[in-house]
Asks: 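The structure under discussion is supplied below as structure tokens; questions concerning it will follow.
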Amino acid sequence: QKEVEQDPGPLSVPEGAIVSLNCTYSNSAFQYFMWYRQYSRKGPELLMYTYSSGNKEDGRFTAQVDKSSKYISLFIRDSQPSDSATYLCAMSYNDMRFGAGTRLTVKP
Amino acid sequence: KAGVTQTPRYLIKTRGQQVTLSCSPISGHRSVSWYQQTPGQGLQFLFEYFSETQRNKGNFPGRFSGRQFSNSRSEMNVSTLELGDSALYLCASSGQPTSGTYNEQFFGPGTRLTVL
């Protein structure tokens, strides 16, 4: 079993939909939780960072961390075609562990 | 501010050869981390360097090595290449060390290595 599990998708939604992306993990030592977005032929870029449990909102993006369930989520409201990318969850305590990434397509 | 640059962007090698990849971090950043990205395994941590010292190392064989220079530029070397080493190699820079704590990392575009 991998330390970080993420459904690779692909996920296809119509423009304006609410997107829910999720990861589960097994190592309770993880303290820092991140979501990255990666466009084709580019490196990942940080979207959201959360320390420990809780919610964090930034514009159309909301990140949630539930350490008791070892579950993290990223919600995208009013999704746009420009949100089409691969979304990677990541977490760390000593070094970074990434999920496999979920490929999202938002159709106009 | 210029971002993280990696050279070359694409590389084709044959089994048994060795390869050196280069990463120039964002100006002022002293931490450089390397990652391997493959469709099957996703992004995996290779190692982190800070001020020319290796701070942390992932679970990769000794064929994978790295170093960091006084100007913070970093190189990664893979010796005796295997087919399974075909991957996108990403480097990320940060102002401070990231191992054991959190400091935002900025990724470069990666070097696509193909081993034939």
Side-chain angles (χ1 to χ4, degrees), chain A residues 1-10 21-27 29-54 56 58 61 63 65 67 72 85-104, chain B residues 2-10 21 23-26 29 31-50 54-60 64 66 87-112:
Chain A
Q1 185 190 5
K2 290 184 178 179
E3 268 189 302
V4 181
E5 298 279 0
Q6 182 178 10
D7 187 342
L21 303 167
N22 312 292
C23 288
T24 59
Y25 63 94
S26 57
N27 191 338
F30 288 133
Q31 297 181 59
Y32 310 97
F33 303 89
M34 287 72 70
W35 285 95
Y36 286 84
R37 177 175 61 195
Q38 186 173 21
Y39 291 114
S40 181
R41 298 191 188 89
K42 296 283 181 74
E45 57 176 333
L46 182 69
L47 273 178
M48 303 283 285
Y49 153 70
T50 310
Y51 172 70
S52 196
S53 284
K56 191 171 186 178
D58 184 2
F61 298 89
V65 175
K67 289 192 74 178
I72 72 171
T86 296
Y87 289 80
L88 300 152
C89 64
M91 44 203 79
S92 74
Y93 63 100
N94 190 38
D95 53 63
M96 294 269 274
R97 296 281 191 266
F98 286 83
T102 299
R103 188 175 181 86
L104 171 68
Chain B
V4 178
T5 58
Q6 292 187 245
T7 56
R9 291 293 311 275
Y10 302 91
L21 312 181
C23 172
S24 292
I26 291 171
H29 282 189
S31 167
V32 174
S33 297
W34 287 90
Y35 296 86
Q36 180 194 67
Q37 187 174 31
T38 60
Q41 297 297 319
L43 257 166
Q44 293 183 283
F45 171 75
L46 279 156
F47 28 66
E48 180 189 14
Y49 285 87
F50 180 78
Q54 188 180 87
R55 284 186 58 93
N56 202 0
K57 189 177 189 308
N59 189 25
F60 277 82
F64 293 81
L88 181 67
Y89 289 89
L90 292 157
C91 90
S93 81
S94 180
Q96 295 295 324
T98 59
S99 297
T101 183
Y102 174 77
N103 283 289
E104 185 174 358
Q105 290 186 322
F106 298 84
F107 283 84
T111 294
R112 173 75 61 186

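In the text below, chain A, chain B and the rest are named by the order of the sequence lines, each starting its count at 1.
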Asks: Could you check whether any side-chain heavy atom of Met91(A) comes within less than 4.5 Å of a side-chain heavy atom of Tyr25(A), counting everything from C-beta outward?
Replies: yes
Asks: For the ring pair Tyr51(A) and Phe33(A), is the centre-to-centre distance below 6.0 Å?
Replies: no
Asks: Quiz question: by atom type and distance under 3.5 Å, do the side chains of Ser33(B) and Gln105(B) form a donor-acceptor pair?
Replies: yes
Asks: Specify whether Tyr49(A) and Tyr102(B) have parallel, tilted or perpendicular ring planes, treating 30° as the upper limit for parallel and 60° as the lower limit for perpendicular.
Replies: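 Tyr49(A) vs Tyr102(B) ring planes: parallel.
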Asks: Could you walk me through whether Asn56(B) and Asn94(A) satisfy the side chain to side chain contact (heavy atoms under 4.5 Å, CB included) test, starting with their C-alpha distance in whole Å, then the side-chain angles of each, then the deciding distance to 0.1 Å, before giving a yes or no?
Replies: CA-CA 8 Å; Asn56(B) 202 0; Asn94(A) 190 38; 3.5 Å; yes
Asks: How would you list, in number order, the residues of residues 42-49 of chain B that have a heavy atom less than 4.5 Å from chain A?
Replies: Leu43(B), Phe45(B)
Asks: Measure distances from Arg55(B) to the heavy atoms of chain A and classify the residue's part below 4.5 Å as side chain, backbone, both or neither.
Replies: neither
Asks: Is Phe106(B) close to chain A through its backbone or its side chain, or both, or neither, when contacts mean heavy atoms under 4.5 Å?
Replies: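 Nothing of Phe106(B), per the 4.5 Å heavy-atom cut-off to chain A.
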Asks: Quick one: salt bridge (Lys or Arg N to Asp or Glu O under 4.0 Å) partners of Glu45(A), sequence neighbours excluded?
Replies: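 Listed in chain order: Arg37(A).
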Asks: Does any backbone or side-chain atom of Tyr10(B) lie under 4.5 Å from a heavy atom of chain A? Answer side chain, backbone, both or neither.
Replies: side chain
Asks: Apply side chain to side chain donor-acceptor pair (under 3.5 Å) to residues Gln38(A) and Gln37(B) and explain how you reach the verdict.
Replies: CA-CA 12 Å; Gln38(A) 186 173 21; Gln37(B) 187 174 31; 2.9 Å; yes
Asks: Go through the atoms of Tyr32(A) and report whether side chain, backbone, both or neither lie under 4.5 Å from a heavy atom of chain B.
Replies: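 Only the side chain of Tyr32(A) comes within 4.5 Å of chain B.
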Asks: Under 4.5 Å heavy-atom distance to chain A, tell me which part of Thr101(B) shows up: side chain, backbone, both or neither.
Replies: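 Answer is both: backbone and side chain atoms of Thr101(B) are under 4.5 Å from chain A.
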Asks: Taking Gly110(B), Ser99(B), Pro39(B) one by one, which has the highest count of heavy-atom pairs under 4.5 Å against chain A?
Replies: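 Ranked by heavy-atom pairs under 4.5 Å with chain A, first place is Ser99(B).
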Asks: Under the criterion side chain to side chain donor-acceptor pair (under 3.5 Å), I'd like the reasoning laid out for Gln6(A) against Thr102(A): C-alpha separation, chi angles, the key distance, then a yes or no.
Replies: CA-CA 7 Å; Gln6(A) 182 178 10; Thr102(A) 299; 3.2 Å; yes
Asks: Is there a side-chain contact between Cys23(B) and Val4(B) in this structure, where contact means two heavy atoms from C-beta onward sitting under 4.5 Å apart?
Replies: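 SC-SC contact between Cys23(B) and Val4(B) confirmed.
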